[in-house]
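Structure first, commentary second.
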Amino acid sequence: MTDYKQQVADTIKQAIGDGVLDDAVIFDKIERPKNSKMGDFAFPAFVLSKVFKKAPQAIAEELVGKINGDGYEKVVATGPYVNFFLSKPEYSKNVLETVLAEKGNYGQNQDGQNGNVPIDMSSPNIAKPISMGHLRSTVIGNSVANILAKNGYHPIKDNHLGDWGTQFGKLITAYLKWGNEEDVKRDPINYLVKYYVRFHKEDVDHPELDDEAREWFSKLEHGDEQAINLWKWFRSVSLEAFNQIYAKLGVSFDTYNGEAFYNDKMPEVIELLKQKHLLKESQGAQIVDLSKYDLNPALILKSDGASLYITRDIATAIYRDREYHPAMNLYVVGSEQTYYFKQLKAVLEEMGVPSAKNLHHIPFGLITVNGKKLSTRSGRIILLDEVLNDSIALAKKQIEEKNPNLPDKDKVAQEVGVGAIIFGDLKNDKMDSINFVLEEQLRFEGETGPYVQYSRVRAESILRKVPDFDPETSSRDLDDPEAWEIVKLLNDFPTIVKTACAEFEPSVIAKYSLRLAKAFNKYYAHTRILDDVAQRDARLSLVKSVSIVLKESLRLLGVKSPDEM
RNA sequence: GUCGCAGUAGCCCAGUUGGAUAGAGCAACGGUCUUCUAAACCGUAGGUCGAGAGUUCGAGUCUCUCCUGCGACACCA
């Protein structure tokens with residue numbers, strides 16, 4: 001595959017002459033004009049005006065005079081810019097050739113050299129419902145994993161469950177007092193939450209409940225059989241409920257190493273910190289001083305000797321280091337924890353944990369309701385499952401209206417409804433906070449997941465009309481000016497894949513898929529693809545290529561692509 | 001108070017890392033289905049890019065000051 005930007009840079013370099021500008025400088029200056037009528041690539045001549053002491057307009061003219069237009073459609077000076085128009089038939093052929101040959105593999109690179117990348121994501125708490133708040137971590141983590149794999153890494157999706165802690169003492173106490181097995185079996189999360197809430201209500205007037213809860217947690221920690229069995233049961237019924245939602249979202253995990261998993265690995269952390277003489281006492285608690293990182297001290301042990309979140313995270317990082325020798329160590333956690341992750345990284349560096357320098361917090365903005373943070377206590381909670389079901393129901397309704405003869409309606413409704421929610425989350429910069437309004441989530445028109453899905457459905461529909469079309473052997477001699485924008489976008493895909501990976505930013509893919517879908521819909525509206533016999537196969541090659549790249553883009557986002565909808 | 005993130009059309013957001021006339025979507029108004037799926041396409045209208053200064057040939061983009069919103073600031077996770 002020809003690197004056209006490099007080709008343009010070489011042409012410019014020859015025209016300028018040796019030793020005037022660095023090769024890299026020239027390459028960096030080459031840009032894509034905002035308006036494609038200006039050209040396919042442009043070189044702004046401003047940088048040269050100082051060197052040659054001439055107006056950039058004049059320099060642009062001179063450069064064009066020195067360029068012989070071989071390999072280009074034309075090269076023109078427009079004001080201070082040298083604008084390059086690529087040779088469309090050759091370029092198109094080249095691009096389509098590559099996409100059709102590589103299919104879903106198009107854009108794959110090996111930059112990651114198969115390095116392991118554990119990703120901390122989703123992380124719901126046992127016995128609590130999965131809310132919209134968990135959606136972001138789940139869906140961003142899943143997409144980042146797909147993007148990493150596309151760049152040659154080996155992602156390891158780790159659902160760091162909140163499955164340990166004093167709340168289990170409370171839960172056991174509450175269950176034994178007011179619970180019943182049938183209810184929990186029927187609707188685990190709902191009833192477990194009820195017990196938990198009731199505990200907190202009653203505990204106001206009956207402080208002795210707290211003692212009981214403490215005792216049960218202590219029993220749990222010391223391996224009491226009844227306590228352990230109840231804990232295991234709560235955990236497994238919760239996980240079953242979670243997995244139904246994950247299945248709906250199309251997200252799976254490689255490990256569920258939650259807090260309980262690391263519980264027995266804490267003493268070693270403390271021991272290591274002591275060996276390195278990093279622990280200091282302060283106000284009765286054990287801290288690590290981080291003043292040389294310009295950070296507040298990290299509190300490792302409470303004054304009562306109990307461990308904290310960071311202790312567990314240190315244990316996690318050390319475990320991952322030994323287990324995976326990770327190329328990167330990722331945490332998809334809300335942006336409100338940015339400072340905390342700086343501290344964690346600093347402590348790990350002090351401890352000399354090798355992967356510390358490759359620890360990346362992937363932050364994202366809050367989901368709010370009326371501008372306020374979600375919280376179970378204040379009742380501002382939106383259940384993810386309900387939102388997904390609403391969206392699926394709406395998709396079903398649309399299918400009944402628009403395409404009542406569609407086979408597999410329920411499956412498609414799920415793919416479209418869930419796709420809308422996932423795409424809606426991933427479309428914008430992950431740092432943007434999202435003010436949740438249900439009606440805005442349930443939109444299938446304009447810049448949405450269903451729009452991209454629908455675009456590919458149209459492409460597939462055309463391809464079905466010509467069963468004898470063979471993308472392997474068909475003509476790729478596309479000489480179709482209307483298709484030009486699409487071809488250029490197709491050529492961008494491998495670069496987009498790399499950018500999304502470097503920035504841990506799924507929205508780069510989502511925005512790209514919108515651009516491609518939009519360009520295709522425009523083409524579709526203006527060109528009768530099947531009518532012109534002479535151009536038919538080349539056009540179908542383009543349609544097939546669009547379908548391939550749209551499907552792959554959606555896959556990277558974790559969104560399904562139905563063939564019909 | 002200190003630190004971090006953000007402020008672009010009525011609403012929600014892009015803006016190719018400093019380049020050409022600031023762009024989409026939603027909402028509004030008007031047009032396009034006997035012809036490859038109208039979940040689409042085309043058009044109209046909508047802007048002091050939070051405010052001010054600075055750097056430069058050139059600033060939505062970089063620097064500084066201020067304003068506004070959100071978040072974080074050791075014994076929660």
Side-chain angles (χ1 to χ4, degrees), chain A residues 28-29 31-35 38 42 44 46-47 49-50 55-56 78-81 83 123 125 162 165-167 259 282-287 294-306 308-310 312-313 333-340 342-343 363 365-366 368 371-373 395 398-399 401-403 406 416 420 424 427-429 431-435 437 440 443-455 457-466 492 495-496 499 507-508 511 514-515 517-518 520-531 539-540 543 564-565:
Chain A
D28 285 343
K29 281 286 170 191
E31 59 187 52
R32 303 281 284 271
K34 275 180 197 150
N35 186 339
M38 300 281 198
F46 302 104
V47 267
S49 65
K50 259 185 204 157
T78 311
Y81 292 86
N83 287 332
S123 310
N125 292 317
T166 51
Q167 71 267 28
E259 291 169 4
S282 168
Q283 297 169 33
Q286 295 292 321
I287 62 158
D294 207 18
L295 292 167
N296 292 331
L299 184 61
I300 307 289
L301 290 178
K302 301 203 275 188
S303 39
D304 65 0
L308 283 151
Y309 193 61
I310 196 166
R312 262 184 291 270
D313 267 340
V333 182
S335 62
E336 67 272 19
Q337 296 200 38
T338 299
Y339 192 81
Y340 166 79
K342 281 184 187 167
Q343 291 180 312
L366 243 35
T368 58
K372 296 268 163 87
K373 200 174 167 175
Q398 300 253 32
I399 291 167
E401 283 169 19
K402 294 168 198 282
N403 196 358
L406 179 73
V416 172
K427 173 179 67 167
N428 292 329
D429 187 303
M431 284 301 283
D432 291 354
S433 60
I434 295 177
N435 191 27
V437 179
E440 281 175 20
R443 276 188 27 234
F444 299 164
E445 285 155 26
E447 297 177 328
T448 64
Y451 173 86
V452 180
Q453 290 171 319
Y454 178 72
S455 308
V457 160
R458 291 179 120 184
E460 283 299 308
S461 177
I462 293 173
L463 292 165
R464 272 197 302 277
K465 297 263 189 262
V466 191
D492 283 344
T495 312
I496 293 288
T499 307
S507 71
V508 170
K511 279 170 197 146
L514 283 170
R515 260 181 278 142
K518 223 177 272 189
F520 176 70
N521 277 319
K522 190 170 188 168
Y523 180 64
Y524 183 98
H526 292 285
T527 310
R528 300 288 308 171
I529 288 151
L530 298 176
D531 285 1
R539 286 178 173 172
L540 284 172
V543 172
E564 294 179 68
M565 65 190 266

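Note that the structure is a prediction, hence the values are computed from the model and not measured. Residue numbering restarts at 1 for every chain, and letters A, B, ... go by the order of the sequence lines. Heavy atoms only: backbone and side chains are in, while hydrogens, waters and symmetry mates are out.
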Any side-chain donor near an acceptor of the partner, A/N435 and A/T368, under 3.5 Å: yes

Regarding A/N521 and A/Y454, do their side chains bring together a donor and an acceptor under 3.5 Å, going by distance alone? no

Rounded to whole angstrom, note down the [atom1] distance from [N] over to [M].
N	M	atom1	result
B/rA20	B/rA59	C1'	14 Å
B/rC13	B/rG50	P	14 Å
B/rA28	B/rA45	C1'	9 Å
B/rA38	B/rC12	P	32 Å
B/rA24	B/rC11	C1'	14 Å
B/rG10	B/rA6	P	23 Å
B/rG47	B/rG7	C1'	15 Å
B/rA22	B/rC36	C1'	37 Å

How would you list, by chain and number, every residue that makes a salt bridge (Lys or Arg N to Asp or Glu O under 4.0 Å) with A/K427, sequence neighbours excluded? none

Residues at least two apart in sequence or cross-chain that pass salt bridge (Lys or Arg N to Asp or Glu O under 4.0 Å) with A/E259, listed by chain then number, are none

Quick one: label [X] by what it contacts on the DNA or RNA (base, sugar-phosphate, nothing), any heavy atom closer than 4.0 Å.
X	value
A/N35	nothing
A/S461	base
A/S507	nothing
A/A306	nothing
A/K427	nothing
A/P56	nothing
A/D492	nothing
A/R443	sugar-phosphate

Heavy-atom count check: over 12 atoms from other residues, nucleotides or ligands less than 6.0 Å from A/D294 CG? no

Watson-Crick and G-U pairing of RNA chain B written in dot-bracket, each distance under 3.5 angstrom, with | for inter-strand partners: (((((((..((.(.....[...).)).(((((.......))))).....(((((..]....))))))))))))....

Run the side-chain hydrogen bond (donor to acceptor under 3.5 Å, both in side chains) test against [X] and tell me which residues pass, sequence neighbours left out.
X	result
A/R32	A/D492
A/Q398	none
A/R539	A/D480
A/R528	A/D531

Between [X] ([atom1]) and [N] ([atom2]), how many Å, whole number?
X	N	atom1	atom2	value
A/R528	B/rU37	CZ	C1'	12 Å
A/R515	B/rG23	CZ	C1'	12 Å
A/N428	B/rG25	CG	C1'	10 Å
A/F520	B/rU37	CZ	P	10 Å
A/I529	B/rC36	CD1	C1'	7 Å
A/R32	B/rU17	CZ	C1'	16 Å

Would the distance check show the side chain of A/Y524 and the main-chain N or O of A/S455 forming a donor-acceptor pair, the cut-off being under 3.5 Å? no

Check whether any side-chain N or O of A/E460 sits under 3.5 Å from a backbone N or O of A/E564 as a donor-acceptor pair, and report yes or no. no

Please classify the glycosidic conformation of B/rU17 as syn (within 90° of 0) or anti (everything else). syn

With syn meaning chi within 90° of zero and anything else anti, the base of B/rC33 is syn

Is it true that A/K518 and A/E447 make a salt bridge, defined as a side-chain N closer than 4.0 Å to a carboxylate O? yes

Result for 5'-nearest mapping on RNA chain B, choosing between A/S433 and A/T78, is A/S433

Within the sub-3.5 Å range, which N or O atoms of nucleotides 4-6 of chain B have a protein N or O partner, and how far apart are they?
none

What does nucleotides 72-77 of chain B look like as a protein-contact string, B for base, S for sugar-phosphate only, - for none, at under 4.0 angstrom between heavy atoms? SSBBSB

How does protein contact run along nucleotides 39-44 of chain B, one letter per nucleotide 5' to 3', with B for base contact, S for sugar-phosphate only, - for none, heavy atoms under 4.0 Å? BSSS--

Partners passing side chain to side chain contact (heavy atoms under 4.5 Å, CB included) against A/T499 (at least two apart in sequence or in another chain): A/T495, A/E503, A/V508

Apply side chain to side chain contact (heavy atoms under 4.5 Å, CB included) to A/D28 and list each qualifying residue two or more places apart in sequence or on a separate chain. none

